[in-house]
Amino acid sequence: MEEKMVKSLLCTNLREKPETKRTSRKLGNIDFSKLIHMGLNENEFGMSAKAVEAMNSVAAAGNYYGDWTQKDFKGAIAERFGVDTSFIVTGCGSSALTDALGTAFLEKGDEVVLCMPTFPAIIDTAQTNGATPVIVPTTEELKLDMDGMLAKINEHTKMVYICNPNNPTGTYIGYKKLREFAEKCPDHVIQVYDEAYIEFSKSADCLEMVETMKELKDKPIVILKTMSKCFGMAGVRAGYILAQPEIVAELAKCGTQFALNKMAQVGAAAAIRDTEHLAKVKELNAASREYLETELAKLGCKVYPSETNFIFFDPHVDPSEVFMKMMERGIFMSAQAGANRVSTSTMENCKLFIKNITEIIAELKKSESVSA
Ligand SMILES: Cc1ncc(COP(=O)(O)O)c(C=O)c1O
C-alpha cells in the first residue's frame, strides 16, 4: 500500500505530529538479548519470586478473561497507599496511562507545560491529541524549574508534567517545593506527577505526592506509577494512576478498564506485597549507583546526583561517540540531551561498564587532542 494513501486517511493530529523524541522508539532492529542492558533503566536485580509464582499459577488459564474489577491488584495498591480503590486506574504500563490522560483531557488549543530534558512520552501524548508542548529548560543543576513552569501557565494550559525524580537527569525536587507548586497551580491545570523512579530515592525529602492528592481535593492531581522500575516488571507491562475518583471515572472510559492481562494483574499484586524483595532491590541499586557515581567522577566526568536507578553524566567527550563505542563492545547505555545516561546493574556489569568506558574516554580524548 502507498504511504501517501495511508497518510490521507490519518486524523489531522497524527498527520501533523512531529517525529517522536523518544530514543526507545528509534532503536530499530537491535538484538537486545546480546547486549548488557544499561540503557533503558530496567531493573537488572529482577522481579519478586512471588510475582513470578503468581503469574505462573494463572498462565494456564489464559483462555479465560481476567478479573475485570481487578480486585487483587487494586486491593494491593489501596493497602499500600491507604486509599479506596475508586482512586485507582490501572493500565499496561504508565505509558498507556499517559496516553489515556491525553485521550481524556487534551485537544487542539491546549498547552502542556514541561521541563526539558525529561521523559518525552508526554510530548508525544500532547501532539497526538493536537495540544502544544510548552518547554521550559531545567535549571543549571539540571533540576526541574518549578517557578519557570508556573510562569508559563496561562488560560490555555491544560496540563503540567512533573517527573520526580526526573528522567534522564536523576535529580529531584524536595517535597516542600512540590507542595507549594501544587497549591499555587491553578485549578484548571491537571498536575501530572510521574513517580516512576521514586521508590529508588535516598533523600528524606524526596516524597510521593499521594497525601497532597488526597488533601488538595479540588486540584486535579494525577500520580503516575509504574511496576517497570523498582518492581522489575518492565516486560510485564503494568502501571497505575492515583487520582480523585471523579478523574478516575473519566479515565476508565479511555480504554484502560479491560487492558491489563490476568498474569500482569496477579504478578503486580504479589510484587507490591513483597516488601522484602523491594527492600533488597533498593539496597542493591543504592550500592551499584554509589559505585558508578564514584568511578565516573574519578574519570573526570561531571556526575549529577541521582535518586533513581540511573546516572546522568557529562563525559567531556562526544556522548554519541561514547554510546556507539560502548554498543560495539556489547554494552547498551544512552546518549541524550548532550550527555550520557547509564542504568544501574549488577556489580559485575558495573565493573565491566567502568572498565570499558575508561578505555573509550581515554581513546576519544587522545583522538581529540591529535585532531586539535
Ligand atoms: C519517567 C518515566 N515514566 C514512565 C516510564 C514508562 O513506564 P512504563 O514501562 O510503565 O510504561 C518510563 C520508562 O522509562 C520513565 O522513565
Side-chain angles (χ1 to χ4, degrees), residues 20-27 32 37-44 47 51 73 77 88-102 112 114-126 128 133 138 142-144 159-173 178 191-201 206 208-209 222-242 251 254-256 259-261 264-265 267-268 271-272 285 304 306-312 332-337 341-345:
T20 184
K21 287 192 166 23
R22 295 188 68 176
T23 326
S24 56
R25 300 289 184 270
K26 299 179 199 157
L27 289 170
F32 287 101
H37 288 224
M38 297 176 84
L40 293 173
N41 306 336
E42 292 153 309
N43 178 343
E44 193 64 40
M47 70 175 117
F73 185 29
I77 300 165
I88 303 164
V89 197
T90 63
C92 303
S94 68
S95 304
L97 292 163
T98 305
D99 288 344
L101 284 171
V112 177
L114 64 138
C115 262
M116 276 303 261
T118 195
F119 185 58
I122 192 71
I123 297 182
D124 280 346
T125 297
T128 303
T138 47
L142 297 193
K143 289 188 165 215
L144 300 182
M159 200 175 270
V160 58
Y161 174 76
I162 300 116
C163 184
N164 195 51
N166 188 37
N167 177 16
T169 59
T171 53
Y172 81 104
I173 302 293
L178 276 189
Q191 306 175 35
V192 179
Y193 294 90
D194 186 340
E195 299 183 346
Y197 299 96
I198 207 154
E199 290 89 355
F200 292 115
S201 71
C206 184
E208 295 172 319
M209 289 297 276
V222 170
I223 304 167
L224 279 170
K225 295 282 192 181
T226 179
M227 299 302 294
S228 299
K229 306 300 174 182
C230 210
F231 294 95
M233 304 181 80
V236 175
R237 311 303 301 130
Y240 53 97
I241 273 177
L242 298 170
L251 289 171
C254 305
T256 56
L260 203 58
N261 75 68
Q265 286 183 36
I272 287 184
N285 181 68
Y304 293 87
S306 169
E307 294 287 321
T308 63
N309 69 336
F310 55 85
I311 292 123
F312 194 65
F332 173 46
M333 61 182 305
S334 146
Q336 52 182 303
R341 190 194 66 193
V342 59
S343 313
T344 60
S345 189

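Counting starts at 1 for both ligands and their atoms, following the listed order.
Aromatic ring orientation, Y304 versus F312: tilted (interplanar angle from 30° to 60°).
Side chain of K229 to main chain of E42: no donor-acceptor pair is present (N/O by atom type, distance under 3.5 Å, no hydrogens or angles). The backbone N or O of C230 lies less than 3.5 Å from a partner atom in the side chain of N43, making a donor-acceptor pair.
Between Y161 and I123, the closest side-chain pair of non-hydrogen atoms is not below 4.5 Å.
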Problem - From CA spacing to verdict: side-chain contact (heavy atoms from CB on, under 4.5 Å), E208, K225 - result: CA-CA 10 Å; E208 295 172 319; K225 295 282 192 181; 2.8 Å; yes

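Proximity of the aromatic rings of Y197 and F310 is defined here by a centroid distance below 6.0 angstrom, and this criterion is met.
Protein residues having at least one heavy atom under 4.0 Å from any atom of ligand 1 are G93, S94, S95, F119, C163, N167, D194, A196, Y197, T226, S228, K229, R237, listed by chain and number.
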